[in-house]
There are 2 protein chains.
Amino acid sequence: MPPLDFDDHKTDRPDAPDLSAPPCRNCDVVRELAFCADLTHDEIRRLATVRCHAQLPAAFSVFREGDPADHVYSISTGAVKLYKLMSDGRRQIIGFLFSGDMFGLGLDGGYCYTAETLVPTQLCRFTHRKLDTMMDEFPRLERKMFTMTVKDLVAAQEQMLLLGRKTAREKVATFLLKLSRRAAQQGQPASPVALPMSRADIADYLGLTIETVSRTFTQLKRENIIGLPDAGHVVLTDESALRELAEGTASG
Amino acid sequence: MPPLDFDDHKTDRPDAPDLSAPPCRNCDVVRELAFCADLTHDEIRRLATVRCHAQLPAAFSVFREGDPADHVYSISTGAVKLYKLMSDGRRQIIGFLFSGDMFGLGLDGGYCYTAETLVPTQLCRFTHRKLDTMMDEFPRLERKMFTMTVKDLVAAQEQMLLLGRKTAREKVATFLLKLSRRAAQQGQPASPVALPMSRADIADYLGLTIETVSRTFTQLKRENIIGLPDAGHVVLTDESALRELAEGTASG
DNA sequence: CGTATAGTTGATTAGTATCAACGCTAGTGG
DNA sequence: CCACTAGCGTTGATACTAATCAACTATACG
């Protein structure tokens with residue numbers, strides 16, 4: 001887990017160039033942001049004047065649970081995990097985020113989770129204050145962010161069902177299918193799915209231990225439902241079996 | 001669990017008076033709705049012209065998972081549970097909702113959970129279509145609904161930590177404290193907390209079985225942390241012990 | 001008064017967690 | 001260039017929490 005200091009991102013080391021840098025005028029990056037997708041060119045240009053962006057290395061802590069919640073972030077490229085910690089170290093990963101995803105929303109005061117990059121990641125950020133102003137000005141921006149938040153909520157509810165009621169096999173199957181669909185949606189191949197996160201991350205996302213995740217993977221492999229070319233990739237050999245497992249309708 | 005037909009709410013039996021009734025002009029009910037709380041009198045009056053309300057009996061199914069999602073609901077008085085089902089009957093309760101809470105949001109198409117009253121409940125409803133129009137007209141309405149959705153998301157993330165990483169004792173302690181705080185917030189006593197839901201509901205909310213919930217209650221009672229005057233009420237005898245349990249910092 | 005339902009309690013089982021050892025890969029330094 | 005080390009992942013043995021199965025009690029209901 002990531003021992004990087006939160007303030008790192010304000011240093012000028014080449015790895016972590018200034019999220020605090022003055023906004024640049026180039027709109028290309030902003031246009032890719034999902035929450036700007038439906039805006040007019042003019043609106044995007046205005047938005048671009050208030051955003052900062054940066055390329056962050058892998059395993060980089062963007063902010064920590066409890067930090068003053070000043071900014072909202074959007075992922076241009078890369079991947080991020082969000083997690084909550086208990087005082088004794090137990091961890092629950094709230095979500096894995098990819099290109100186009102937004103994070104950092106919350107109410108009054110501090111972030112309620114830690115955000116950390118999984119791979120080298122290009123982020124965009126806006127201050128809450130300026131974003132509020134923008135939302136007043138561009139109703140479509142607010143509508144878009146609202147819609148994205150509803151989507152997040154729906155996903156969170158789906159995850160509650162997984163965490164509360166599914167078995168280890170079902171959890172893993174659901175997880176793999178979700179990753180596969182997400183990859184396909186982003187134009188990447190659906191079958192050799194990349195796992196940019198560690199087994200520990202997967203375990204903490206599914207409410208399992210590392211060992212159980214590993215055992216379940218090898219078990220599914222033995223049953224020829226998945227293939228494991230290496231630890232970072234999974235082949236969905238039998239997707240329909242995986243679907244049945246995920247829904248709890250599997251025979252075995 | 002509730003065998004009531006979804007169409008019931010369109011019948012004219014006295015128990016379930018018409019959610020489809022023509023909007024009434026009385027603003028009193030609408031004004032109590034949390035998502036109208038910050039609106040001007042004029043805005044509330046406009047909103048009142050597009051809403052329907054009804055008094056529903058306990059254990060009444062407002063809508064089911066998969067039903068076409070036409071309406072958004074707000075609870076005036078009473079309590080509602082939201083849940084998701086798996087094909088084999090496993091159930092996960094997504095949330096218990098009370099006065100001022102809103103539900104029914106979702107994306108394209110069907111509701112992604114079933115909504116059912118726990119006690120006799122007074123509901124207000126709006127069509128998505130009209131609410132969208134209203135949001136265009138009254139930015140403060142949209143902002144309010146947005147904020148409430150973010151709150152729901154934060155609560156869902158907290159629940160993920162509970163479901164994925166907490167023990168049965170910790171889950172029950174967290175649940176009781178949450179109910180207590182909610183009651184206090186609504187001006188009701190914080191200590192003899194009312195449990196309007198069954199043990200089965202609590203179990204399906206916490207990702208446990210009925211038996212484990214029951215055992216954990218009696219265990220906490222034996223340790224003089226709570227009191228159980230009857231199945232529907234809990235006295236928080238030792239709230240600090242409960243807090244330690246909930247956070248996982250408890251000694252025993 | 002009999003019946004059905006919700007809740008509690010007990011005995012046993014099962015699914016994961018825990019503890020422990022080992023293999024693999026990558027980075028490090030001699 | 002290669003042994004050494006550290007971290008991640010896998011596998012095995014055992015323990016333990018909570019689930020399952022079952023019986024019983026209390027309460028509400030007809």
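Residue numbers begin at 1 in each chain, while the letters A, B, ... track the order of the sequences. Given the structure is predicted, the values throughout are model-derived calculations rather than measurements. Note: hydrogens, waters and symmetry copies are ignored here, and every other heavy atom, side chains too, is used.
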Participant: Provide, to the nearest angstrom, the distance between the CG atom belonging to B:L208 and the P atom belonging to C:dG15.
Facilitator: 18 Å
Participant: Choosing from D:dT10, C:dG7, C:dT16, which nucleotide comes nearest the side chain of A:S214?
Facilitator: D:dT10
Participant: Identify the pairs formed between an N or O of the protein and an N or O of nucleotides 20-24 of chain D at a distance under 3.5 Å, and give each distance.
Facilitator:
from, atom 1, to, atom 2, distance (Å)
D:dT20, O4, B:R215, NH2, 2.8
D:dC21, N4, B:E211, OE2, 3.1

Participant: Can you name the nearest heavy-atom pair linking B:C112 to A:Q157, along with the distance?
Facilitator: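 Heavy-atom minimum between the residues: SG-OE1, 4.2 Å.
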Participant: Check the distance between D:dG9's P and A:K221's NZ and give it to me in whole angstrom.
Facilitator: 15 Å
Participant: Where along nucleotides 25-30 of chain D does protein come under 4.0 Å, by heavy atom, of base (B) or sugar-phosphate alone (S), with - for untouched nucleotides?
Facilitator: ------
Participant: How many whole angstroms separate atom CD1 of B:I202 from atom P of D:dA18?
Facilitator: 16 Å
Participant: Round to a whole Å and report the spacing from CG of B:L228 to C1' of C:dA6.
Facilitator: 15 Å
Participant: For a quick check of understanding: with a heavy-atom distance under 4.0 Å over all strands, which category does B:G207 fall into, base, sugar-phosphate or nothing?
Facilitator: sugar-phosphate
Participant: Go through the structure and list residues passing side chain to side chain donor-acceptor pair (under 3.5 Å) with B:K171, not counting sequence neighbours.
Facilitator: none
Participant: If I take atom CG in residue B:D88 and atom C1' in nucleotide D:dA19, what distance separates them, rounded to the nearest angstrom?
Facilitator: 15 Å
Participant: Going by the rule side chain to side chain contact (heavy atoms under 4.5 Å, CB included), which residues pair with A:A115 if we only count those two or more places apart in sequence or in a different chain?
Facilitator: A:V62, A:F63, A:V80, A:L82, A:F103
Participant: List the residues meeting salt bridge (charged side-chain N to carboxylate O under 4.0 Å, His left out) with B:E170, not counting sequence neighbours, and say none if there are none.
Facilitator: A:R90
Participant: Decide side-chain contact (heavy atoms from CB on, under 4.5 Å) for B:V119 and B:F98; before the verdict, give the C-alpha distance in whole Å, the side-chain angles of both, and the deciding distance to 0.1 Å.
Facilitator: CA-CA 10 Å; B:V119 295; B:F98 303 95; over 6 Å; no
Participant: Taking atom P of D:dC8 as reference, at what distance in whole Å does atom CD1 of A:I210 sit?
Facilitator: 9 Å
Participant: Sequence neighbours excluded, which residues qualify as side chain to side chain contact (heavy atoms under 4.5 Å, CB included) partners of B:P229?
Facilitator: B:H233, B:V235
Participant: Expressed as a whole number of angstroms, how long is the span from B:Q219:CD to C:dT8:P?
Facilitator: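 Those two atoms, CD and P, are 13 Å apart.
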Participant: Just report the end-to-end axis angle for the helix from C:dC1-D:dG30 to C:dG30-D:dC1, five pairs per end, to 10 degrees.
Facilitator: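 Comparing the first five pairs with the last five, the axes sit 30° apart.
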Participant: What residues form a side chain to side chain donor-acceptor pair (under 3.5 Å) with B:S180, not counting sequence neighbours?
Facilitator: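 Residues passing side chain to side chain donor-acceptor pair (under 3.5 Å) with B:S180: none at all.
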Participant: Can you sort out the partners of B:R199 under side chain to side chain donor-acceptor pair (under 3.5 Å), two or more places apart, ordered by chain and number?
Facilitator: none
Participant: Under the salt bridge (Lys or Arg N to Asp or Glu O under 4.0 Å) definition, can you give me all pairs with a residue in residues 215-242 of chain A, not counting sequence neighbours?
Facilitator: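 Passing the test, one end in residues 215-242 of chain A: A:R169-A:E223, A:E239-A:R243.
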Participant: May I have the list of side-chain donor-acceptor pairs in residues 183-196 of chain B shorter than 3.5 Å, sequence neighbours left out?
Facilitator:
from, atom 1, to, atom 2, distance (Å)
B:Q186, NE2, B:S99, O, 3.3
B:S191, OG, B:L236, N, 3.4

Participant: Can you check the B:R165 CZ to D:dA18 P distance for me, whole Å?
Facilitator: 13 Å
Participant: Taking salt bridge (charged side-chain N to carboxylate O under 4.0 Å, His left out) as the test, write out the residues that go with A:D201, two or more places apart.
Facilitator: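 Counting only residues at least two positions away or on another chain, A:D201 forms a salt bridge (charged side-chain N to carboxylate O under 4.0 Å, His left out) with A:K81, A:R91.
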